[in-house]
Amino acid sequence: MSDRLPVFPLSTVLFPGLVLPLHIFEERYRALVRDLVALSADDPHEFGVVTLRHGSEVPPDPGDGPVPAVPPIRTEDLYEVGCTAELRHVTELPDGRFDIMTVGRRRFTVLSIEQGSEPYLTARVRWLTDADETDEAAHILAPRVLAAFRSYLELLRPNSEVLDQVPDDPTVLSHLVAATAQLTVEERQLLLATPDTASRLRTELRLLNRESGLLARVRAVPVPLSDLARPASPN
């Protein structure tokens, strides 16, 4: 079974439970916000956030000058797995733009991109769920990942307030680590697409150990940072 979902291609990766604020200035996405606001209380007020493999689907703010034409988005231009953004707060600005606050809700696989009668993009999607939310392996791995995450954050941002807000739930923890660690878009997409919490935590443990080792080397070895550089995440 598949559902049809409005989608918003972005250069960022959204995870369930994570907050995503957006400034909406394009008319087609203003229409999307208006359509979502008009839904009844029983309907899901959400749209899909899917990550572009290259470029940016959203043109520059027209206030910055002429806006170049944006080519149509094809299914192959997007990563396969995305996450819905649930509309939590909407502020309409005097010129018709919107500032919105959304929260990641549920993961999906993009089956095909569709352009219907709406001005914004839609897609046929299949919903994904974490199959092992109560799996023993995830609960065993969670304390190890949490310890590695704390060590990583202490190296990255000493005395960070994030250390006081780390959840105990394995699935929530796995999404927070994926969204917070300094990873590439490809690595974040890998984690978003991972089918179960235990596998996601295992991958994160490896990535956190790698990142902590890199940070420790940067602090301990007086070499140019360019010698230790790797592709940076645009997020």
Side-chain angles (χ1 to χ4, degrees), residues 5-24 26 29 46-61 68 70-86 100 102-113 121 123 125-128 130 145 148-149 152-153 155-157 162 171-197 199-215 218 225-226 228-235:
L5 180 73
V7 292
F8 198 155
L10 293 172
S11 58
T12 191
V13 183
L14 178 63
F15 289 86
L18 275 295
V19 174
L20 177 65
L22 291 170
H23 175 66
I24 308 297
E26 268 199 279
Y29 292 118
E46 60 183 346
F47 58 91
V49 171
V50 285
T51 307
L52 285 158
R53 291 187 178 275
H54 48 78
S56 174
E57 193 271 349
V58 180
D61 189 315
V70 178
I73 294 294
R74 302 165 300 172
T75 305
E76 55 266 32
D77 295 327
L78 304 171
Y79 282 96
E80 186 178 40
V81 177
C83 178
T84 62
E86 185 176 44
I100 65 174
T102 71
V103 176
R105 184 182 175 199
R106 48 182 178 163
R107 300 181 304 135
F108 59 85
T109 297
V110 176
L111 302 178
S112 63
I113 294 297
L121 210 60
V125 304
R126 182 177 66 247
W127 301 108
L128 301 174
D130 276 64
V145 172
F149 188 45
Y152 166 75
L153 287 177
L155 287 167
L156 184 68
R157 296 191 295 271
V162 176
T171 301
V172 177
L173 173 64
S174 73
H175 292 148
L176 177 64
V177 170
T180 305
Q182 299 297 298
L183 305 175
T184 65
V185 168
E186 290 77 13
E187 289 166 342
R188 284 198 171 107
Q189 276 296 148
L190 171 67
L191 293 171
L192 181 65
T194 300
D196 59 80
T197 301
S199 297
R200 191 178 305 115
L201 289 170
R202 288 191 190 96
T203 302
E204 288 170 346
L205 188 59
R206 174 178 57 81
L207 292 172
L208 288 170
N209 288 335
R210 182 199 70 187
E211 293 298 297
S212 293
L214 178 63
L215 288 170
V218 170
L225 290 179
S226 58
L228 301 173
R230 60 185 190 81
S233 168
N235 292 334

Search all heavy atoms of [X] against all heavy atoms of [Y] and return the closest pair with its distance.
X: Leu155; Y: Ser212; answer: CD1-O, 3.6 Å
X: Ala178; Y: Leu191; answer: CB-CD1, 3.6 Å
X: Ala148; Y: Leu205; answer: CB-CD1, 3.8 Å

For [X] and [Y], indicate whether the former's side chain and the latter's backbone hold a donor-acceptor pair under 3.5 Å.
X: Arg107; Y: Leu128; value: no
X: Arg126; Y: Thr109; value: no
X: Gln189; Y: Val13; value: no
X: Thr75; Y: Ser112; value: no
X: Arg106; Y: Pro16; value: no
X: Arg105; Y: Ala85; value: no
X: Thr84; Y: Gly48; value: no
X: Arg188; Y: Ala181; value: yes

Start with the C-alpha distance between Leu5 and Trp127, add both sets of side-chain angles, then the distance that settles side-chain contact (heavy atoms from CB on, under 4.5 Å), and finish with yes or no.
CA-CA 11 Å; Leu5 180 73; Trp127 301 108; 4.1 Å; yes

Look at the aromatic rings of Phe15 and His175 and report parallel, tilted or perpendicular, splitting at 30° and 60°.
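Because their plane-to-plane angle lies in the 30° to 60° range, the rings of Phe15 and His175 count as tilted.
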
Any chance you could measure [X], atom [atom1], to [Y], atom [atom2], to the nearest 0.5 Å?
X: Leu214; Y: Gln182; atom1: CG; atom2: CD; value: 11.5 Å
X: Thr203; Y: Leu208; atom1: OG1; atom2: CG; value: 10.5 Å
X: Leu18; Y: Thr12; atom1: CG; atom2: OG1; value: 9.5 Å
X: Leu190; Y: Leu183; atom1: CG; atom2: CG; value: 10.0 Å
X: Leu201; Y: Thr171; atom1: CG; atom2: OG1; value: 7.5 Å
X: Tyr29; Y: Ile24; atom1: OH; atom2: CD1; value: 9.0 Å

Out of Ile113, Asp77, Leu52, which residue meets the side-chain contact (heavy atoms from CB on, under 4.5 Å) rule with Pro9?
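The passing option is Leu52.
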
Please lay out, stage by stage, how Tyr79 and Leu192 fare under the test side-chain contact (heavy atoms from CB on, under 4.5 Å).
CA-CA 10 Å; Tyr79 282 96; Leu192 181 65; over 6 Å; no

Heavy-atom neighbours of Glu86 CD exceed 12 at 6.0 Å
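Yes - once you tally the heavy atoms of other residues, nucleotides and ligands closer than 6.0 Å, there are more than 12.
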
Checking side-chain polar atoms at under 3.5 Å, does Ser199 have a donor or acceptor matched by the opposite partner on Thr194?
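There is no such pair (donor and acceptor under 3.5 Å, judged by atom type) between the side chains of Ser199 and Thr194.
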
Any chance you could lay out the side-chain contact (heavy atoms from CB on, under 4.5 Å) test for Phe149 and Thr180, step after step, and finish with the verdict?
CA-CA 10 Å; Phe149 188 45; Thr180 305; 3.9 Å; yes

